[in-house]
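A short write-up of the structure that comes next.
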There are 2 protein chains.
Amino acid sequence: MIPSWLTLRDMEYVVAVAKHEHFGRAATECCVSQPSLSTQIRKIESYLGAVLFERNNRRVSTTMAGRRIAEQAALILDEAGKIPNLLGHMAVPRFESLNLGFISSASSFIPFVLTDLKKAFRNIPLSLREGTTDDLVKQLKAGALDAVIAADTVKDVALKSTSLFFEPFVLAAPKGHPILRKSNLKPSDLRAAEMVLLEEGHCLRDQAIHICPKNRRGNPRTFHATSIETLRHLVASGAGYTLLPKLAANGKPMSNLITYVDFESSKIGRELVILCRAQAADQDPFSLLNRTLLKAIPE
Amino acid sequence: MIPSWLTLRDMEYVVAVAKHEHFGRAATECCVSQPSLSTQIRKIESYLGAVLFERNNRRVSTTMAGRRIAEQAALILDEAGKIPNLLGHMAVPRFESLNLGFISSASSFIPFVLTDLKKAFRNIPLSLREGTTDDLVKQLKAGALDAVIAADTVKDVALKSTSLFFEPFVLAAPKGHPILRKSNLKPSDLRAAEMVLLEEGHCLRDQAIHICPKNRRGNPRTFHATSIETLRHLVASGAGYTLLPKLAANGKPMSNLITYVDFESSKIGRELVILCRAQAADQDPFSLLNRTLLKAIPE
DNA sequence: TGGAATCATAGCTGTACCCTATCACTGATT
DNA sequence: AATCAGTGATAGGGTACAGCTATGATTCCA
């Protein structure tokens with residue numbers, strides 16, 4: 001009968017304790033806390049119905065049974081360790097690590113994709129970075145990033161872009177601000193001089209300015225937020241109104257201070273895309289990445 | 001590097017699917033549902049970064065990678081299967097299975113001990129039986145039961161009894177019953193003629209009658225409950241009052257119909273004990289059993 | 001006697017796995 | 001052609017359990 005309650009992790013524990021004869025140090029080696037390891041060893045012992053380690057509060061000693069089990073466990077771990085090698089070239093090419101860039105204004109997209117990403121790329125170190133489009137594109141081309149989520153403003157032959165989804169903009173204004181009296185909100189209702197925006201370099205700033213062409217020459221207020229979060233705080237404290245991507249307005253954060261209003265037309269917004277280096281775009285991991293991100297789109 | 005996220009169970013899955021090339025049948029063999037198995041295989045594949053099985057909705061075929069992994073998995077399972085044998089005589093003597101008897105009136109004790117029992121005797125088939133003292137003692141002596149939880153009324157040299165705890169009795173009366181007017185409830189307040197009891201053979205019945213000596217000759221009502229549960233129903237429907245062990249009154253079940261009252265003296269009650277065959281009493285598993293039960297005592 | 005070292009216990013939390021129900025697809029049967 | 005049976009995938013929800021921190025109990029040593 002196969003003891004399917006035994007995990008390879010359990011075997012590491014047994015081997016480690018047998019090696020150190022010390023729970024604390026064994027726990028450190030296994031990267032767990034001492035209580036966790038103690039509990040697990042106890043569990044194993046109670047399953048096996050045998051005492052593997054004699055512990056008398058001052059010294060841990062491995063019993064005969066413990067020694068034998070530990071040896072066998074080491075053997076099994078060894079065999080299990082060979083599994084990844086068995087694949088060799090048969091394994092689909094994968095990312096060594098997955099480094100994703102998000103423009104600041106798309107960071108609200110992260111929570112939606114994170115779970116699925118971790119699932120799809122189990123075992124692969126995942127790092128997310130936030131920044132401006134230019135900054136991220138530079139890093140992407142340099143190879144420091146594998147893919148970037150950005151607005152579809154980038155034209156670069158070295159990059160391939162895959163459409164992700166259209167994200168409408170939403171007006172975020174301090175509660176009671178005059179602009180809120182308008183019904184059927186249109187871009188032309190916005191006055192750049194009344195707006196607070198992200199600082200230079202963030203595409204959301206440019207989009208916000210250009211969305212209402214008549215107002216292009218008004219000077220936006222001199223507050224310069226570097227993240228959506230501070231932008232919201234500025235609005236909340238009455239510094240002016242702003243445009244937010246729909247996802248950033250999700251759940252109406254700070255709704256006691258900020259009012260969120262949809263535009264009359266649902267066409268007001270931006271297209272988000274995935275960017276990756278053109279020559280890498282056809283590789284298997286990228287199609288998995290694209291599929292994963294597309295699947296995670298909210299609504 | 002050791003893939004400690006792989007479990008032996010996972011390996012069984014891979015081996016089974018490789019063997020049947022059919023998820024449904026493999027799932028049956030592994031005693032899991034087909035979706036569970038599908039998900040796990042998927043998980044393994046995403047960890048390994050390789051496709052182990054080609055499935056095109058009509059047929060499952062094992063890839064080269066899948067075949068190799070399955071072979072190695074089978075080897076590992078084989079090695080793991082040897083573990084229990086390694087113990088041989090070194091294993092502490094254990095129950096093959098643990099068969100516990102509870103007198104009906106102590107069945108409320110079960111939920112308190114169940115979790116700990118399962119923990120202490122992992123892997124060992126556990127069966128609980130309810131019955132009268134005589135019945136259970138007979139089975140215990142015949143070897144059909146390993147231990148019995150009963151009141152301390154049993155005197156039998158072939159059995160050894162270990163004190164468990166003292167459980168007070170509680171009056172359970174239909175809401176509004178005259179007896180509830182008494183404050184400082186004493187055994188002498190009880191009238192056998194007004195009581196409903198378990199049927200002959202249950203020690204709780206005898207205890208209830210004998211607890212109020214003055215009333216021994218009154219005839220209890222002719223309802224005969226065979227379990228605490230029906231006894232409560234009888235009380236709830238107004239058939240009379242009864243005595244319940246404290247644990248059976250725990251959480252005041254049916255409290256819209258039944259009122260529970262403690263006795264003035266906390267001495268009114270019974271001692272619960274663990275019985276086991278005298279010659280077996282010193283064996284290791286029994287001391288573990290005793291310790292486990294003692295630890296699980298409520299309050 | 002007090003402090004350091006060490007394993008055990010308690011209580012809580014997050015997550016991975018499992019289940020049921022349902023979907024989506026395919027090939028066969030009428 | 002249309003329906004049905006067979007199959008794997010997906011969704012949603014519940015639960016068991018390994019993990020954590022904090023604390024306890026015991027022993028050794030100063």
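Residue numbering restarts at 1 for every chain, and letters A, B, ... go by the order of the sequence lines.
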Steps toward salt bridge (Lys or Arg N to Asp or Glu O under 4.0 Å) verdict (B:Arg232, B:Glu229): CA-CA 5 Å; B:Arg232 267 202 297 257; B:Glu229 193 53 28; 2.7 Å; yes
A:Pro125 to A:Asn123 - nearest heavy-atom pair and separation: CD-O, 3.8 Å
Along DNA chain D (nearest heavy atom to each residue), the more 5'-positioned of B:Val60 and A:Asp10: B:Val60
Donor on one side chain, acceptor on other, B:Thr7 and B:Asp10, under 3.5 Å: yes
Student check: side-chain heavy atoms of B:Ile228 and B:Glu130 closer than 4.5 Å: no
Member of A:Leu100, A:Leu293, A:Val148 meeting the side-chain contact (heavy atoms from CB on, under 4.5 Å) criterion with A:Ile274: A:Leu293
A:Met11 versus A:Ala73, closest heavy-atom pair with distance: CB-CB, 3.7 Å
Touch class at under 4.0 angstrom, heavy-atom based, for A:Arg9 against every strand present: sugar-phosphate
Under the ring-ring contact (aromatic ring centres under 6.0 Å, His included) test, residues paired with A:Phe53 that sit two or more places apart: none
Closest contact, heavy atoms only, A:Ala151 versus A:Ile103: N-CD1, 3.7 Å
NZ/NE/NH1/NH2 to OD/OE distance under 4.0 Å, A:Glu71 and A:Arg68: no
Phosphate-side-chain proximity, A:Arg55 and C:dA8, N/O vs OP1/OP2 below 4.0 Å: yes
Which atom of B:Ser127 lies closest to which atom of B:Asn99, heavy atoms considered: OG-OD1, 2.8 Å
Whole-Å gap separating P (C:dA28) and CZ (B:Arg59): 10 Å
What nitrogen or oxygen pairs link the protein and nucleotides 11-15 of chain C at under 3.5 Å?
none

Interface residues of residues 34-47 of chain B with DNA chain D (non-hydrogen, below 4.0 angstrom): B:Gln34, B:Pro35, B:Ser38, B:Arg42
Outermost nucleotides of DNA chain D that come under 4.0 Å of a non-hydrogen atom of chain B: D:dG6 to D:dT10
Contacting residues from residues 14-32 of chain A, given that a heavy atom lies under 4.0 angstrom of DNA chain D: A:Val32
Would you be so kind as to tabulate the donor-acceptor pairs closer than 3.5 Å made by side chains of residues 105-113 of chain B, with sequence neighbours excluded?
from: B:Ser105; atom 1: OG; to: B:Arg270; atom 2: NH1; distance (Å): 2.7
from: B:Ser107; atom 1: OG; to: B:Ser104; atom 2: O; distance (Å): 2.7

Phosphate OP1/OP2 of C:dC17: any B:Tyr13 side-chain N/O under 4.0 Å: no
Interatomic distance where CZ belongs to B:Arg291 and P belongs to C:dT9 [whole Å]: 10 Å
Non-hydrogen atoms of A:His20 and A:Ala26 that approach each other most closely: ND1-CA, 3.9 Å
Backbone N/O of A:Glu79 and side chain of B:Gln72: donor-acceptor pair under 3.5 Å: yes
